[in-house]
Amino acid sequence: RAQDDPRRLTPQQAHRRSSLVLERYSGDDPPARYALIVGVCSYTGARELRSTCENAKRIREALLRDYGYQDGRVVLLTDDNPANRGAPCTAGSIRHAIEEIGSQIRREQAADIEGAQNSTFLFFYSGHGVRRTFAGATQSDDLFYGELAPAGAFEAVNSPRSESFLDVRQLREDIPKAIPSRQRMIILDACFSGTAIRHDDQHVQYGVASNQSNPTEFVLTAATESQTAIGEIEGPAWQHLSVFTYALLDGDEGSAEARF
């Protein structure tokens with residue numbers, strides 16, 4: 001949030017802490033790990049984003065390869081994914097996917113499948129984000145709220161805004177209602193994504209909580225509430241990824257610091 005906010009992370013800290021959360025349960029009772037990975041790359045004209053779908057695909061690959069996730073529990077939504085049969089990543093399709101994963105977790109919990117009672121859920125979004133001002137807000141309040149702008153959001157001028165955009169704070173409220181996991185991690189690679197962190201937030205974990213019996217929420221954003229996120233930078237070293245996603249995937253000690 002603010003420049004002097006001690007909760008802000010360097011790229012290598014972001015990588016280390018996200019890795020700690022993903023690997024949190026590594027004992028005799030490992031969790032069932034579920035994830036919804038979203039990459040929106042169907043924007044056109046001045047809004048075109050080149051790295052977003054690649055960001056999502058690479059996050060999925062890392063989860064399956066390095067963090068013990070299973071293919072049947074990781075849902076990938078990208079505009080260029082043939083499995084989606086050309087359906088864009090709209091706000092409706094994202095909400096539907098969250099509900100479907102919640103239903104899957106409940107079925108597996110009811111069947112007493114190993115790890116389901118001790119599950120984790122990861123939501124990753126790469127795409128446009130926008131910021132709006134609260135009417136009548138004062139300096140002691142949150143001045144802004146943020147929205148994710150998935151496919152079709154900017155074109156849906158005649159639809160209610162709540163149907164086309166995703167209010168990031170509402171998303172934080174909806175995910176725990178839909179997802180019965182003990183641990184939830186929300187990673188937003190979007191402009192103004194810091195609006196997901198409320199002015200009076202106390203319970204968001206920027207590290208790993210020690211009490212495993214309580215639900216833990218971890219929120220990591222690519223920008224503060226007033227910043228734009230940096231997209232793809234030219235050059236093969238960046239692997240066609242955004243700066244934030246690159247730091248998450250390759251943020252080992254020294255390497256990220258040398259590039260930022």
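Positions are given from 1 along the sequence. The model shown is predicted, which means the values in this text are computed figures rather than measured ones.
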| With distance as the sole test, does E225 use its side chain to make a donor-acceptor pair with the main-chain N or O of Y145 at under 3.5 Å? |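 Between the backbone of Y145 and the side chain of E225 there is no qualifying donor-acceptor contact (under 3.5 Å).
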Check your understanding: With a 4.5 Å limit on heavy-atom distance, are the side chains of F123 and L36 in contact?
Key ->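 They are in side-chain contact.
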Could you check if a side-chain atom of E61 sits within less than 4.5 angstrom of a side-chain atom of R58, using non-hydrogen atoms only?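 The answer is yes, as the side chains (C-beta and beyond) meet within the 4.5 Å cut-off.
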Please find the pair of heavy atoms, one from [X] and one from [Y], that lie closest to each other, and give the distance.
X: A35; Y: Y69; value: CB-CE2, 3.8 Å
X: T221; Y: F244; value: O-CE1, 3.5 Å
X: A223; Y: S193; value: N-OG, 3.3 Å
X: R169; Y: T195; value: NE-O, 3.2 Å
X: E114; Y: R73; value: O-NH2, 4.4 Å
X: S119; Y: I105; value: OG-CG2, 4.0 Å

What do the steps show when you test E54 against S126 for side-chain contact (heavy atoms from CB on, under 4.5 Å), and what is the final call?
CA-CA 9 Å; E54 185 64 22; S126 181; over 6 Å; no
For E155, give me all partners under side-chain contact (heavy atoms from CB on, under 4.5 Å), at least two apart in sequence or on another chain.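 By the side-chain contact (heavy atoms from CB on, under 4.5 Å) rule, E155 matches no residue at all.
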With the threshold set at 4.0 Å, does a side-chain nitrogen-carboxylate oxygen contact exist between R132 and D167?
-> no
Inset, instruction - May I ask you to check whether over 12 heavy atoms, not counting those of L64, lie within 6.0 Å of atom CG? - result: yes
Cluster overlap F192 with L166, hydrophobic side-chain contacts below 4.5 Å =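 Unlinked, F192 and L166 end up in two clusters.
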Inset, instruction - In sequence, state the C-alpha distance, the side-chain angles, and the governing distance for I187 and T245, and then conclude on side-chain contact (heavy atoms from CB on, under 4.5 Å). - result: CA-CA 10 Å; I187 304 178; T245 297; over 6 Å; no
Item to complete: Kindly state each residue pair satisfying ring pair (Phe, Tyr, Trp, His ring centres under 6.0 Å) with at least one member in residues 32-65, sequence neighbours excluded.
Response: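 For residues 32-65: Y43-H128.
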What's the spacing between [X] [atom1] and [Y] [atom2] if we round to 0.5 Å?
X: M185; Y: I175; atom1: CE; atom2: CD1; result: 12.5 Å
X: L148; Y: C89; atom1: CG; atom2: SG; result: 12.0 Å
X: D79; Y: C53; atom1: CG; atom2: SG; result: 5.0 Å

Worksheet item: Does F154 have R47 sitting over its ring (NZ/CZ under 6.0 Å from centre, angle to axis within 45°)?
Response: yes
Subject >> Stepwise side-chain contact (heavy atoms from CB on, under 4.5 Å) check, I186 with Y125 >> reply: CA-CA 8 Å; I186 299 173; Y125 170 89; over 6 Å; no
Query raised in the report: Just checking, any donor-acceptor pair under 3.5 angstrom between side chains of E100 and Q104?
Result: no
- Query: Going through the checks in order, is the side-chain contact (heavy atoms from CB on, under 4.5 Å) test met by K57 and L76?
  - Reply: CA-CA 7 Å; K57 294 171 188 176; L76 175 67; 4.3 Å; yes
Quiz prompt | Partner of S242 under side chain to side chain contact (heavy atoms under 4.5 Å, CB included), chosen from D189, L248, L49, T52 | solution =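 Testing S242 for a side chain to side chain contact (heavy atoms under 4.5 Å, CB included) against D189, L248, L49, T52 leaves exactly one candidate, D189.
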